[in-house]
Amino acid sequence: MFQLIEQQDGLSIGVFGIGGCGCNTLNSIYEQRESKQAKLFSVNTDKVVLEHTQSDDAVLIGAELTHGYGAGADPEVGLQAAQESKDQLLALINNCDILLCATGLGGGTGTGASPYIAELARVQKKPVIFVATLPFSSEGQFRSNVAEAGLNTLKEYANAVITLPNDQLIEVLGNDVGLFDAFKHSNQILHSLIKSLIDMLCYQGLINVDLNDFAKIMDCQGDAVLGVGKCNEESELTAALDGALNNPLVNQVDMSSSTGVIIQVNCKDEISLGSYNLITDTVRQRVSSNALVICGVSKIESLSTNYELLIIATGASAKMIVEPFNNAPSSEVEQSPAARVKPQASDIFDIPAFIRNQAPAPSGK
């Protein structure tokens, strides 16, 4: 069971942006943050990216190893950089009750450092949730292999992993959508999750989900479903629930084998008993009859819509996407995370240059 910190100023949620993709995500949600209880931390091997990332604190990992010039698309370097900066990472982790991490898989820093950071959080008994993007198929098989193997390794340590395949941006939004606008849709998922978690855990509810309830659900290992749905009319709650459970930008997970579920209903005024029962019954029917289901209801007058639903289902049967890329005999000693995410030899020039969303440097940096 997780041991959560009780702080006088309330819950502390650490939002980590790891690697170039993760740091870009922090830039997109920095101005939208509505609560001081969410602290933003940028983690990268590239000092230029960190200088242009808006966050509360930053860690240049592997300064001696990479000299601040990045991981060179090598997950092994990303891992070693994180290991070099273990003490700095632990200092941030130990000041958080919950970790929400944004990362991109397929490159060096995000793929190599993310599983290690998840492992550190797990050792410190901190619930850790990852939102991970997967590369476009047009970026080549090499990056796809790196990303898939990295995802498998990440799932071994994180309590929940939400995957956002970039290809689904095209499928859902179309080819004509602006590149930056497309990524804003992905980043909005993380922002909605952060806000909904804070609302659930920090407001006293009529039916309350507390820190220990949350920790109990997050202790269920396996794939996870984390979704947020919003609406203004009570008659639209079923559609909002469907939106929370079936976000087209998120990889779908079969909930039927989930062993732990949180259903949180936030409302500006009041929800009818019939609507509340409909929501809980609908979710219960989609999971195992033996699943632990925890329900919460809070009245929050500051909501942007009249109703907001947060669904967290954990402990589903995780399916490995690819086999780990190594040829070592099975009897050999356990390998490092990077060894399990490093692909077979391939043409390094299959990796395209990163397209960076360079935000203006924040004042004071």
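Both backbone and side-chain heavy atoms feed into the values below; hydrogens, waters and symmetry mates do not. If you read the sequence from its start, that first residue is 1, and numbering goes on from there.
Under 4.0 Å is where a charged nitrogen must lie from a carboxylate oxygen, and between Asp56 and Arg33 at least one such pair does.
Scanning both residues, Ala58 and Leu50, for their nearest heavy atoms gives CB-CD2, 4.2 Å. The shortest non-hydrogen separation linking Phe130 to Ala118 is CE1-CB, 3.7 Å. In plain terms, the two heavy atoms of Thr153 and Pro115 that are nearest each other are CG2-CB, 3.9 Å. Between Cys23 and Asn44, the shortest heavy-atom distance links the atoms SG-ND2, 3.8 Å. When all heavy atoms of Ala113 and Ala82 are compared, the pair lying nearest together is CB-CB, 3.9 Å. Of all non-hydrogen atoms in Tyr116 and Leu79, the two that sit nearest each other are CB-CD1, 3.8 Å.
Between the side chains of Glu308 and Ser196, at least one donor N or O lies within less than 3.5 Å of an accepting N or O. Checking Thr45 against Thr66 by side-chain atom types alone, no donor-acceptor pair falls below 3.5 Å. Between the side chains of Asn246 and Asp242, at least one donor-acceptor pair of N or O atoms lies under 3.5 Å. Side-chain atoms of Thr25 and Asn187 include a donor-acceptor pair closer than 3.5 Å. Judged by distance alone, the side chains of Glu236 and Asn232 never bring a donor and an acceptor atom under 3.5 Å apart. Looking only at atom types and distance, the side chain of Gln80 has no donor-acceptor partner in the side chain of Glu84 under 3.5 Å away.
Remark: Asn247 CG to Gln188 CD distance equals 11.0 Å, nearest 0.5 Å. Going from atom CG of Leu226 over to atom CD1 of Ile162 covers 4.0 Å, rounded to the nearest 0.5 Å. Interatomic distance, Gln285 CD to Met255 CE, rounded to the nearest 0.5 Å: 11.5 Å. With values rounded to the nearest 0.5 angstrom, Leu309 atom CG is found 9.5 Å from Gln264 atom CD. For the atom pair OG (Ser235) and CG (Leu237), the distance works out to 8.0 Å, reported to the nearest 0.5 Å. How far OH of Tyr307 is from CG of Asp269: 7.0 Å, rounded to the nearest 0.5 Å.
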Phe214 vs Leu201, side-chain contact (heavy atoms from CB on, under 4.5 Å): CA-CA, chis, key distance, verdict: CA-CA 8 Å; Phe214 178 80; Leu201 295 169; 4.0 Å; yes

Pair Ile170-Val177, side-chain contact (heavy atoms from CB on, under 4.5 Å): steps then yes or no: CA-CA 8 Å; Ile170 298 176; Val177 68; over 6 Å; no

Derivation and outcome, side chain to side chain donor-acceptor pair (under 3.5 Å), residues Ser137 and Asp167: CA-CA 7 Å; Ser137 57; Asp167 281 343; 3.2 Å; yes

Ser42 and Thr53: CA distance, side-chain angles, deciding distance, side chain to side chain donor-acceptor pair (under 3.5 Å) verdict: CA-CA 7 Å; Ser42 51; Thr53 301; 5.0 Å; no

Audit row: Leu310, Leu197, side-chain contact (heavy atoms from CB on, under 4.5 Å) steps and yes/no: CA-CA 8 Å; Leu310 172 64; Leu197 281 174; 4.1 Å; yes

Criterion side-chain contact (heavy atoms from CB on, under 4.5 Å) on Met218 and Lys216, from CA distance to verdict: CA-CA 6 Å; Met218 296 310 300; Lys216 180 69 175 178; over 6 Å; no

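Leu164 places a side-chain heavy atom less than 4.5 Å from the side chain of Val131. Two residues are said to be in side-chain contact when any heavy atoms from C-beta on lie closer than 4.5 Å; Arg122 and Lys126 fail this criterion. The shortest side-chain heavy-atom distance between Ser55 and Phe41 does not fall under the 4.5 Å cut-off. Within the 4.5 Å cutoff, no side-chain heavy atoms of Ile129 are placed close to those of Asn159. A 4.5 Å side-chain heavy-atom check between Ser272 and Glu234 finds at least one atom pair inside the cut-off. Inter-residue side-chain proximity for Ile13 and Lys39 is flagged as unmet; no heavy-atom pair is nearer than 4.5 Å. Using a 4.5 Å heavy-atom cutoff, the side chains of Val261 and Val283 are in contact. Put simply, the side chain of Lys268 does not reach to within 4.5 Å of the side chain of Ile300, judged on heavy atoms.
Residues Val297 and Leu278 fall into different hydrophobic clusters, defined by Ile, Leu, Val, Met, Phe, Trp and Tyr side chains chained together at heavy-atom separations under 4.5 Å. Cluster annotation: Ile61 is not connected to Tyr69 through the hydrophobic network of ILVMFWY side chains, with a link wherever side-chain heavy atoms come within less than 4.5 Å. Transitive grouping of hydrophobic side chains (ILVMFWY, heavy atoms separated by less than 4.5 Å) keeps Ile18 and Val123 in distinct clusters.
Using modelled atom types, no side-chain atom of Thr111 and backbone atom of Gly150 make a donor-acceptor pair closer than 3.5 Å. For Thr314 (side chain) and Ile217 (main-chain N/O), a donor-acceptor pair under 3.5 Å exists by modelled atom type. Side-chain N or O atoms of Ser275 include none that pairs as donor or acceptor with a backbone N or O of Ile271 at under 3.5 Å. A donor-acceptor pair under 3.5 Å links the side-chain atoms of Glu139 to the main chain of Phe136, judged by distance alone. Side-chain atoms of Gln88 never come within 3.5 Å of backbone atoms of Val59 as a donor-acceptor pair (strictly under, hydrogens ignored).
Heavy atoms from other residues, nucleotides or ligands lying under 6.0 Å from NZ of Lys230 number more than 12. Taking a 6.0 Å sphere around CD of Glu270, one finds it holds 12 or fewer heavy atoms contributed by other residues, nucleotides or ligands.
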